[in-house]
Amino acid sequence: MTLSLFGDDDPAQPGRVVLGQQSVVLRGYALPMVDDLLGGVDDITAQAPFRHMETPGGYTMSVALTNCGELGWTTDARGYRYSRIDPQSGKPWPAMPDAFRRLAVEAAREAGFPGFAPDACLVNRYEPGSRLSLHQDKNERDYDAPIVSVSLGMPAMFLFGGDKRADKAARVPLFHGDVVVWGGVDRLRFHGVMPLKDMPHPRLGSQRINFTIRKAG
Ligand code: MD3
Ligand code: FE
């Protein structure tokens, strides 16, 4: 048996980058599951293709998105919300793949959030130049549940701000296979993604896929 200097929930473990009191990057955590995860993305997008949605302010998002799970996040001229129905197909969103749920529940537990019961997963696709401006995730019903994010494909520079839009944001690179868990006091922090640089990934080419597993309802 190997003696570990690091307890199971010690935030100073190798491969962990502490972002805030209750948010942590688990570097490469998803790498052993990449085949299953990409298979899941293919299943989802066969039923609910990536699409560019409109913001309430009248802009078209540079990030294309789809969803799986009981609830999916949407935006249009009427606002942001979660819906059981894909507005493009009129059908329920595809089921959340078991591999997504298992990874999220285990990563949440590792980060100090046992008992995570997700019901929603927003899948984002970035192409070169795609960006996400600073925002808070406030459309979920209760902020006690964490959000688990999985990054695949090209790297991105993530912006992690504070509780106010004007708070200075830290820049954190996110790579293929990284998993991030955000919750508790960090749950409502402003965050965003810088415009994606074109650094083609051997497996995914000129795209980045990020999915966030959530409890929305
Ligand atoms: C920090 N997506 O979909 S994931 C989003 O890389 C979103 O596609 C980004 O922000 C992406 O809403 C970042 C990381 C993330 C998700 C939720 C958070 C960071 C968060 C909630 C609170 C604080
Ligand atoms: Fe967000």
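Just so you know, ligand 1 is whichever comes first in the structure, and atom 1 is the first atom listed for that ligand.
Side-chain atoms of Trp73 and Asn67 form no donor-acceptor pair, as typed in the model, at a separation below 3.5 Å.
Near ligand 1, residues Leu122, Asn124, Tyr126, Leu132, His135, Asp137, Ile147, Ser149, Phe158, Phe160, Trp182, Asp186, Arg187, Arg189, His191, Val193, Arg208, Asn210, Thr212, Arg214 come within 4.0 angstrom through at least one heavy atom.
Residue Arg141 places its CZ atom among 12 or fewer non-hydrogen atoms of other residues, nucleotides or ligands, all under 6.0 Å distant.
In this structure a side-chain-to-backbone donor-acceptor pair under 3.5 Å is present from Thr75 to Glu54.
Restricting Asp137 to its N, O or S atoms, the one at the least distance from the Fe ion (ligand 2) is OD1.
Identified under the ring pair (Phe, Tyr, Trp, His ring centres under 6.0 Å) test for residues 109-130, with sequence neighbours left out: none. Listed by first and then second residue, the side chain to side chain donor-acceptor pair (under 3.5 Å) pairs that reach into residues 153-171 come to none, sequence neighbours excluded. Applying the side chain to side chain donor-acceptor pair (under 3.5 Å) rule to pairs touching residues 23-45 yields Ser23-Asp186, Arg27-Asp178, Asp35-Arg203, sequence neighbours excluded.
Draw a line from the Fe ion (ligand 2) to NE2 of His135 and another to NE2 of His191, and the angle between them is 90° (to 10°).
For the salt bridge (Lys or Arg N to Asp or Glu O under 4.0 Å) test with Arg214, the passing option among Asp137, Asp119, Asp142 is Asp137; the others fail.
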